[in-house]
Colleague: 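Shown below is the structure under consideration.
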Protein chains: 2
Amino acid sequence: MPFSLRQLRYFVAAAEHGEVSAAARALSISQPSVSAAIADLEGQFGVQLFLRRHAQGMALTPAGRRLLPEARSLLEHAREFESGAAGLGQALAGTLEVGCFVTIAPFFVPRLLSGVRARYPGMDVRVTEGHHEELPKGLKSGAFELALLYDYAIGADRDLLAEPLAEFQPYILLPKGHRLARAAKLSLTDLAKEPLVLLDLPSTREYFLSRFIALGIEPLVAHRTPSYEMVRCLVANGHGYSMLNMRPAEDLTYDGKRLVCRPIKDPLVPARVVLVRLAGATQTRRAAAFAEFTREFFTKEAD
Amino acid sequence: MPFSLRQLRYFVAAAEHGEVSAAARALSISQPSVSAAIADLEGQFGVQLFLRRHAQGMALTPAGRRLLPEARSLLEHAREFESGAAGLGQALAGTLEVGCFVTIAPFFVPRLLSGVRARYPGMDVRVTEGHHEELPKGLKSGAFELALLYDYAIGADRDLLAEPLAEFQPYILLPKGHRLARAAKLSLTDLAKEPLVLLDLPSTREYFLSRFIALGIEPLVAHRTPSYEMVRCLVANGHGYSMLNMRPAEDLTYDGKRLVCRPIKDPLVPARVVLVRLAGATQTRRAAAFAEFTREFFTKEAD
DNA sequence: GGGAAATATAATTTTGCATTATCTTGAATA
DNA sequence: TATTCAAGATAATGCAAAATTATATTTCCC
């Protein structure tokens with residue numbers, strides 16, 4: 001492209017003012033800049049656009065007269081493009097309320113927030129952590145537009161649209177040095193007589209228990225706690241075993257104890273992390289953008 | 001205008017290749033240049049256009065996907081503008097503005113227009129008739145690119161280039177049956193005491209009078225009129241004689257009277273019809289083509 | 001864990017654009 | 001006719017954008 005939008009702007013201004021000097025004043029630049037831009041255009045196109053009348057300013061040649069409206073049109077197109085492009089970012093500006101299940105949040109939310117902030121600088125995502133009984137309510141009440149949670153918490157609720165993002169196979173958690181930890185894989189039947197530390201959260205509680213019951217096993221629930229890290233600490237301190245979906249980067253508890261994780265031999269239905277939204281509502285552009293980003297995030301995560 | 005066509009070109013190339021590196025190769029520039037251009041666009045618009053997938057190149061974000069066709073459209077517009085602008089100088093299609101002295105026009109312009117239209121079908125010649133004081137101004141103001149007029153109207157104007165096309169010896173116009181009409185040739189001295197009907201147009205007026213004065217004759221100006229046909233009618237109705245350059249096909253006036261035309265015995269500088277253009281300006285191809293055709297036309301006319 | 005591929009970043013050179021000052025030209029004026 | 005004035009072109013110079021090369025970083029893949 002031999003010419004620039006800048007040069008076109010100068011050409012149009014000079015044509016409108018009939019003088020390079022006046023155009024330069026209007027553009028708040030110096031007169032030689034405008035002169036040079038016009039001379040360059042004329043050279044590029046091989047056509048004389050203006051007649052120089054010295055003390056009388058400049059007059060458009062027939063060629064210049066024909067070019068003027070086309071230059072205006074191109075500049076107008078450029079302005080439209082600009083506002084359209086700026087609008088892409090602008091429309092996303094604003095706040096998006098998102099809910100997230102507490103145990104999922106630390107694993108993904110921080111990185112999701114960073115990524116979304118980078119891609120959509122004007123967009124402000126506010127994440128509220130909640131339990132499985134609260135999140136669907138929050139969606140329905142309008143407290144959030146999207147929620148990140150486990151599919152087992154939704155059941156057959158027809159009001160919610162759940163988009164699967166990732167699958168997690170539950171695993172068994174044992175204290176380091178536990179006799180069962182020597183096996184590479186464990187069967188739930190091996191654990192039937194062992195004390196279970198249950199993550200005692202709505203839905204999650206039922207989800208874990210149902211994994212046993214599906215195999216005809218009645219687990220011995222020795223401890224119940226609603227805290228994820230408390231589960232890990234209890235297990236690491238020898239109070240029993242547990243079953244979890246998500247696995248932190250280190251098998252180390254807050255109180256410095258070591259854990260051992262073992263996959264489960266028995267075929268279990270995995271837990272699916274889903275992105276949930278209200279079936280009836282039309283999605284805002286912010287929500288669509290967040291959903292798109294989250295989709296990509298988990299696709300990359302799966303690789 | 002915060003962005004440039006250059007940046008848009010790089011953006012489109014990167015989107016098409018899916019890689020900055022490949023786009024840079026295709027554009028024959030370095031990879032960081034493309035990276036920087038895209039980063040700048042993203043900054044300008046406040047939107048992320050690409051997902052960086054490191055070893056996997058780049059993928060368009062939803063925003064980038066939306067912007068891509070618009071960027072292509074703007075670039076296409078710019079290309080059209082460019083070819084249009086470049087074509088102004090070269091292509092024969094388009095409009096050529098020509099000025100012509102009023103009394104010359106009816107003798108040549110209609111046939112010139114027909115001929116030019118036949119030879120250059122895409123070319124639109126617009127002729128503006130004017131007087132000798134207006135035509136050079138029109139050239140200098142850019143109103144027309146070429147003008148057809150008498151050489152005596154130019155004088156020593158160094159800004160104008162005049163190309164001779166045809167010479168016309170002035171002749172004497174008498175009413176039918178005038179006593180001087182019996183002579184085959186007339187001397188201006190024979191007319192010194194006769195009433196003169198003067199074609200009263202700038203330059204032309206001075207031109208005719210100077211023919212007499214050059215011979216030491218002071219003509220008797222009985223009537224002045226700026227209308228060519230009025231001169232003929234006044235003469236035909238016995239109000240005097242006149243001197244003209246151009247001779248219509250019939251020596252018959254609008255009011256049905258007969259005229260007699262007689263050549264002049266005295267040696268006079270002929271009137272030259274010239275094609276004039278601005279000395280400083282570069283000629284468009286249309287103007288060159290018109291000039292060439294006009295040259296040929298008058299050469300044939302002289303035969 | 002190491003190599004390859006892709007982009008980003010850093011440092012440097014080059015180019016383009018802006019500026020000020022000066023020159024040229026034609027028109028208006030005395 | 002000489003002078004002054006207005007407008008554009010040209011020249012010299014500084015600065016900022018964009019190009020380049022080289023290097024770092026990240027991820028994939030073996």
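Note on naming: letters A, B, ... go to the chains in the order of the sequence lines (proteins, then strands), and numbering restarts at 1 for each one. All figures in this text were calculated on a predicted structure; none of them were measured in a lab.
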Colleague: Distance check needed: C:dT25 P versus B:Leu278 CG, whole Å only.
Modeller: 16 Å
Colleague: Suppose we call a contact any N or O donor and acceptor under 3.5 Å apart; does that hold for the side chain of A:Gln31 and the base of D:dA9?
Modeller: yes
Colleague: In whole Å, what is the span from the CD1 atom of B:Ile29 to the P atom of D:dA19?
Modeller: 5 Å
Colleague: Could you tell me the separation between the CD atom of A:Gln48 and the C1' atom of D:dG8, rounded to a whole number of Å?
Modeller: 13 Å
Colleague: Can you tell me the distance, in whole Å, between the NE2 atom of A:His17 and the P atom of D:dA7?
Modeller: 13 Å
Colleague: Do any side-chain nitrogens or oxygens of A:Arg53 fall under 4.0 Å of OP1 or OP2 in D:dA7?
Modeller: no
Colleague: Which nucleotide, D:dG8, C:dG26, C:dA6, lies nearest any side-chain atom of B:Asp159?
Modeller: C:dG26
Colleague: Mind calculating the distance between CD (A:Gln7) and C1' (C:dA18) to the nearest angstrom?
Modeller: 14 Å
Colleague: When you measure from the side chain of B:Ser21, which nucleotide among D:dA9, C:dA27, C:dA6 comes out closest?
Modeller: C:dA6
Colleague: C:dT7 phosphate, OP1 or OP2: any side-chain N/O from B:Ser35 under 4.0 angstrom?
Modeller: no
Colleague: Nearest heavy-atom pair of B:Leu148 and B:Ile104: which atoms, and what distance?
Modeller: O-CD1, 4.3 Å
Colleague: Could you check whether A:Thr61 and B:Glu145, counting side-chain N and O atoms only, form a donor-acceptor pair closer than 3.5 Å?
Modeller: no
Colleague: B:Tyr10 OH to C:dT7 P: how many Å, rounded?
Modeller: 16 Å
Colleague: Have a look at A:Phe50 and say if it touches a base, only the backbone sugar-phosphate, or nothing, with a 4.0 Å heavy-atom cut-off.
Modeller: nothing
Colleague: Round to a whole Å and report the spacing from CG of A:Asp40 to C1' of C:dA18.
Modeller: 15 Å
Colleague: Of the nucleotides D:dA18, C:dT7, D:dA7, which has the atom closest to the A:Glu19 side chain?
Modeller: D:dA7
Colleague: Donor-acceptor pair, A:Ser33 side chain versus A:Ile29 backbone, under 3.5 Å?
Modeller: no
Colleague: If you pin A:Ala55 and B:Glu42 to their nearest nucleotides in DNA chain C, which one's is more 5'?
Modeller: B:Glu42
Colleague: Can you figure out which of D:dA6, D:dC29, D:dA19 approaches the side chain of B:Gln56 most closely?
Modeller: D:dC29
Colleague: Side-chain N or O of A:Arg6 less than 4.0 angstrom from OP1 or OP2 on C:dA18?
Modeller: yes
Colleague: Do the side-chain N or O atoms of A:Arg52 get closer than 4.0 angstrom to the phosphate oxygens (OP1, OP2) of D:dA9?
Modeller: yes
Colleague: Return the nearest nucleotide to the side chain of A:Pro32; candidates are D:dA11, C:dA18, C:dA27.
Modeller: D:dA11
Colleague: Heavy atoms from C-beta onward define the side chain here; which of C:dA18, C:dA27, D:dC28 lies closest to that of A:Ser30?
Modeller: C:dA18
Colleague: Under a 4.0 Å threshold between the charged nitrogen and the carboxylate oxygen, would A:Arg286 count as salt-bridged to A:Asp124?
Modeller: no
Colleague: Taking the six-membered ring for Trp and the single ring otherwise, decide whether the centroids of B:Phe50 and B:Phe11 are under 6.0 Å apart.
Modeller: yes
Colleague: Between P on C:dA27 and CE on A:Met58, what's the gap in Å once rounded to a whole number?
Modeller: 16 Å
Colleague: Please evaluate residues B:Tyr152 and B:Thr204 with respect to the criterion side chain to side chain donor-acceptor pair (under 3.5 Å), reporting the C-alpha separation (whole Å), side-chain torsions for both, the decisive distance (0.1 Å), and the verdict.
Modeller: CA-CA 8 Å; B:Tyr152 56 73; B:Thr204 299; 2.9 Å; yes
Colleague: Choosing from C:dT7, C:dC17, C:dT19, which nucleotide comes nearest the side chain of B:Val20?
Modeller: C:dT7
